[in-house]
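Source: prediction; values computed, not measured.
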Amino acid sequence: MSEIVKLTSKDLDEFYHLYLYAFNNQDSEERRAFFNDRYQHSQVYGLLHGDELSSGMLSIPFKVNFHGVIYKMNGIGDVMSYPEFGGHGAITALMRQAFSDMRRDGVALSYLAPFSYEFYRRFGYEEVFDRAVYKIKNTDLPRVKISEERGQFLRLPLNEAVPLIDEVYENNEQSRNGGVHRDDWWWHYLGLKHPAWQVGVYLEDGKNASGYVIYEAAGDTFKIQEIMYTNQISYQYLQRFICQHESMFARFEYASGDPKGYPDVMANPYVVSVNIQPYMMARIINLQKFMNDYPFIQKVKSLRLGVKDSLIPQNNGIWRLKVNVNGTSFEKISENEQNLADIHLDIQNLTKAFMGYRQLAYLKQVGKITGNIESIRNLDLALRNESPMLWDYF
């Protein structure tokens with residue numbers, strides 16, 4: 001007989017050994033350090049067969065910034081089972097329990113990194129975050145001129161750089177399209193997990209950072225993890241710092257959370273390879289909370305959304321949406337999502353559209369949703385259509 005339980009600090013070693021086996025990882029002091037830190041900041045679920053832990057997963061509480069709206073978001077990680085216990089619905093049971101607890105805690109969204117998109121679509125998740133991966137040879141790097149020499153440039157380990165760069169990250173537009181609000185513990189965790197990460201920081205006035213680049217040496221490749229800047233001068237300094245490594249590395253690579261490729265920044269765009277790659281998935285947990293707080297960009301005349309969610313029944317049904325000068329009204333008018341509505345869609349495609357990954361008109365065109373074309377076009381005009389961006393992984 002199996003039982004779902006919430007695990008505590010006393011269960012850490014047992015959960016860790018499941019993690020090592022399930023993901024074929026090797027134990028090390030560094031791995032145990034970052035694993036323990038993540039475990040202590042997570043809601044940890046386990047499935048017991050008798051007294052033996054057979055399956056487990058983490059639900060990590062975060063907050064995300066979506067165009068100025070702060071939503072609670074739980075990141076799902078370390079979804080795993082011993083092979084002899086696989087295929088018996090363990091992950092479904094764990095997910096259902098996690099979803100129930102998230103709703104209780106007022107969580108609106110959940111993100112995860114999939115090993116299989118097909119597998120996690122069964123749980124209502126959908127691709128929402130992509131990355132643009134740039135690759136260039138050192139011989140093709142541009143020559144960067146600084147328009148005005150001023151300020152100071154520092155090179156620091158990540159843990160020392162955090163007090164300088166945290167505000168740059170939080171205030172950057174690129175962190176506000178669904179990006180994670182990084183609490184102190186998460187910055188600390190990133191340093192534990194990535195001890196080789198270094199940071200180049202530009203201080204425009206000698207005290208306050210206005211730009212930074214997180215990077216690491218990976219053999220003959222200079223790998224950039226993150227670039228954030230506030231103005232042209234900080235952008236130039238970061239560019240020059242990166243290019244000053246041309247004699248040390250044969251190749252340069254940058255995986256950007258902004259999924260739009262920008263080869264045109266190069267004098268000769270042919271010299272840079274840009275590939276758009278799928279990254280992470282998302283799903284709406286509490287539809288009513290998500291919609292009530294959503295930053296609509298214009299009014300929405302009253303329309304009915306028929307929403308299907310096979311894992312979270314509270315999201316199912318016909319919902320009436322109206323947005324005007326008095327705010328947002330979103331109320332359920334029927335429990336049966338197949339009743340008459342202006343637009344019918346499942347929770348995956350609703351998540352994609354409202355987070356700005358795809359427009360509703362496109363989803364109708366490819367047969368993912370159905371509905372009145374005028375209602376679809378009008379609602380599209382009220383939704384955020386900037387590409388969602390995620391710079392973190394869990």
Side-chain angles (χ1 to χ4, degrees), residues 62-68 70 73 111 129-134 136 141-142 144 146-148 150-191 193-194 196-217 222-245 252-262 265-266 272 274 279-280 356 386-394:
F62 290 104
K63 293 178 182 176
V64 296
N65 189 326
F66 186 74
H67 302 283
I70 305 301
M73 182 279 292
Y111 298 173
F129 298 104
D130 295 336
R131 301 198 120 186
V133 180
Y134 300 81
I136 189 171
L141 288 171
V144 179
I146 303 296
S147 57
E148 182 182 354
R150 70 169 189 260
Q152 181 183 7
F153 206 96
L154 304 177
R155 184 167 45 82
L156 301 167
L158 178 59
N159 62 340
E160 293 182 25
V162 169
L164 294 172
I165 68 176
D166 178 53
E167 190 172 340
V168 178
Y169 169 82
E170 292 295 337
N171 292 332
N172 198 287
E173 288 300 319
Q174 291 188 312
S175 72
R176 297 181 172 189
N177 289 15
V180 171
H181 167 76
R182 292 175 179 164
D183 288 330
D184 290 345
W185 84 265
W186 184 248
W187 277 115
H188 178 68
Y189 167 79
L190 292 176
K193 187 174 183 182
H194 305 286
W197 282 8
Q198 299 185 69
V199 187
V201 185
Y202 173 60
L203 307 177
E204 190 170 346
D205 60 3
K207 288 192 301 183
N208 299 305
S210 63
Y212 68 87
V213 54
I214 301 176
Y215 65 96
E216 67 176 321
F222 185 92
K223 297 192 73 170
I224 301 167
Q225 305 296 333
E226 186 170 299
I227 303 174
M228 295 283 173
Y229 52 88
T230 58
N231 53 34
Q232 181 187 10
I233 190 75
S234 58
Y235 176 63
Q236 290 174 348
Y237 267 91
L238 294 173
Q239 275 192 312
R240 185 171 73 173
F241 174 73
I242 293 166
C243 294
Q244 285 170 330
H245 291 80
F252 288 71
E253 182 177 321
Y254 174 37
S256 172
D258 183 347
K260 295 179 181 177
Y262 298 96
V265 300
M266 305 295 295
V272 60
V274 186
Y279 188 51
M280 288 181 68
E386 300 93 332
S387 296
M389 301 182 194
L390 186 62
W391 304 86
D392 294 277
Y393 185 89
F394 31 83

Can you tell if the side chain of His194 reaches within under 4.5 Å of the side chain of Gln225, non-hydrogen atoms only? no
Assess whether side-chain contact (heavy atoms from CB on, under 4.5 Å) is satisfied between Tyr262 and Val274, documenting all intermediate values. CA-CA 8 Å; Tyr262 298 96; Val274 186; over 6 Å; no
side-chain contact (heavy atoms from CB on, under 4.5 Å) with Leu238: of Ile224, Val201, Val144, Ile227, only one passes, and it is Ile227
Are Arg240 and Ile146 side-chain neighbours, meaning at least one heavy-atom pair lies under 4.5 Å? yes
Take Tyr169 and Trp391 through the test ring-ring contact (aromatic ring centres under 6.0 Å, His included) and record every step on the way to the result. CA-CA 10 Å; Tyr169 169 82; Trp391 304 86; 8.0 Å; no
Please round to the nearest 0.5 Å and tell me the distance separating atom CD of Gln232 and atom OG of Ser147. 5.0 Å
Pairs satisfying side chain to side chain donor-acceptor pair (under 3.5 Å), at least one member in residues 150-162, at least two apart: Glu148-Arg150, Arg150-Glu204
Let me confirm one number: the CZ-CG distance from Phe66 to Asn177, rounded to the nearest 0.5 Å. 7.5 Å
Listed by chain and number, what are the side chain to side chain donor-acceptor pair (under 3.5 Å) partners of Arg182, not counting sequence neighbours? Glu226, Asp392
Go through the steps for Asp258 and Gln174 under the test side-chain contact (heavy atoms from CB on, under 4.5 Å), then give the verdict. CA-CA 7 Å; Asp258 183 347; Gln174 291 188 312; 3.7 Å; yes
Rounded distance [0.5 Å steps], CD1 in Ile136 versus OH in Tyr254: 14.5 Å
Kindly write out the residues that satisfy side chain to side chain donor-acceptor pair (under 3.5 Å) with Tyr393, not counting sequence neighbours, or none if the list is empty. none
Going by side-chain contact (heavy atoms from CB on, under 4.5 Å), name the residues that satisfy it together with Ser234, two or more places apart in sequence or in a different chain. Tyr202, Ser210, Tyr229, Thr230, Asn231
Who are the side-chain contact (heavy atoms from CB on, under 4.5 Å) partners of His181, not counting sequence neighbours? Lys63, Glu170, Asp183
One should read off an interatomic distance between Tyr212 OH and Leu154 CG, to the nearest 0.5 angstrom, of 15.0 Å
More than 12 non-hydrogen atoms from neighbouring residues, nucleotides or ligands closer than 6.0 Å to CG on Asp205, yes or no? yes
With side-chain contact (heavy atoms from CB on, under 4.5 Å) as the criterion, how do Leu190 and Ile214 come out once you've worked through the C-alpha distance, each side chain's angles and the decisive distance to 0.1 Å? CA-CA 11 Å; Leu190 292 176; Ile214 301 176; over 6 Å; no
Does NZ in Lys193 sit with more than 12 non-hydrogen atoms of other residues, nucleotides or ligands closer than 6.0 Å? yes
Approximate separation, where rounding is to 0.5 Å, of Tyr279 OH and Met389 CE: 14.0 Å
Look up atom CD in Glu216 and atom CD in Glu253, then write down how far apart they are to the nearest 0.5 Å. 10.0 Å
Candidate pair Leu141 and His245, rule side-chain contact (heavy atoms from CB on, under 4.5 Å), full reasoning: CA-CA 10 Å; Leu141 288 171; His245 291 80; over 6 Å; no
By side chain to side chain donor-acceptor pair (under 3.5 Å) - contacts of Ser256 (at least two apart): none
Return the minimal non-hydrogen interatomic distance between Asn65 and Gly68, and the atom names on each side. OD1-N, 2.9 Å
For Met280 and Leu390, the nearest pair of non-hydrogen atoms, with its separation, is SD-CD2, 3.4 Å
How about Phe129 and Tyr111: are their ring centres within less than 6.0 Å of each other? yes
Any side-chain heavy atom of Asn208 within less than 4.5 Å of one from Val168? no
Measure up the Tyr215 and Phe222 rings against each other and bin them: parallel (under 30°), tilted (30 to 60°), perpendicular (over 60°). parallel
